[in-house]
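Counting starts at 1 for both ligands and their atoms, in listed order. Side chains included, hydrogens not; waters and symmetry mates left out as well; all remaining heavy atoms used. Only a predicted model underlies this, so the values are computations on that prediction, with no experimental measurement involved.
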Amino acid sequence: MNKKNSRREFVKTTAIAGLGLSAFGTMGASGILQSCKSIGKTSSGPLQVGLSQQALPYDFAALEPVIDSMTMEIHYGKHAAAYAKNYKEAYEAEVKETQNTLQILSTVSVYSSKMRNNCGGHYNHELFWKCMQPASENNQPSAKMTKLLTEAFGTMEAFKTEFENAAKTRFGSGWAWLVLDEQKKLKIGSTPNQDNPLMDVSAFKGTPLLGLDVWEHAYYLKYQNKRPEYVSGFWKIVNWGFVEKLHDSYTAK
Ligand SMILES: [Fe+2]
């Protein structure tokens, strides 16, 4: 095994061991070990975003009929793969000392537009895949999550309407979000392009619990210009269990 492959295998093994590492640069094994403690403190709980894509937790066809198989294959295999590749390139070119993905997002204004677009794109998609699960007509959040959403937005219908409006009215390409703000309150908003609410440059700030990709590449093959139909279908595939785990990890004392 050459040096490069050896390092890659170490990184893979370490990540699988669940040490909560979020990103690695061009450092050796000792650098990785040294950084474990500091990176672990900013671990994002159930969501670990490193420098490469994690495997999809379901088949390309699993989200049909809401999202068709070909869209998922191209979206995950081409678009999101490119964000991961370009994020890694930007990381290796620009990051001088070890930073995890959350640290880069929170200081993204000091980096290039390549970093902003691709670190954002990679984080957003890694979250997005986990926010979804195979379709169910009766897909609902737990009683606890329903209570939290109802307290924040009045009713579940009001929550869904506000989220759908954020997704439908985001001009051009972007994302709709359910986030926790600094006071741990649930908020809804949207961001353009591959920005997200963790970025220091974002006008809408928070910690994402649920994200919906409203770039045309996410829905155009099936829905063409009918973004609202894609958005309203999203509720059938939301992985509320994952959203709740994220919520719990960010609100734990
Ligand atoms: Fe996308």
Let me check something: any side-chain donor-acceptor pairs from residues 56-67 under 3.5 Å, sequence neighbours excluded? List them with distances.
from, atom 1, to, atom 2, distance (Å)
Y58, OH, W129, O, 2.7
E64, OE2, S69, N, 2.7

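Taking the side-chain hydrogen bond (donor to acceptor under 3.5 Å, both in side chains) definition, one finds that E229 meets it with nothing, sequence neighbours left out. The side-chain contact (heavy atoms from CB on, under 4.5 Å) check on N239 picks up Q133, F242, with sequence neighbours excluded.
Inspection of the D200 and S109 side chains reveals an N or O donor paired with an N or O acceptor under 3.5 Å. Looking only at atom types and distance, the side chain of W235 has a donor-acceptor partner in the side chain of E164 under 3.5 Å away.
Two rings, from H75 and H125, have their centers less than 6.0 Å apart.
For the Fe ion (ligand 1), the tally of protein N/O/S atoms lying closer than 2.8 Å stands at 4.
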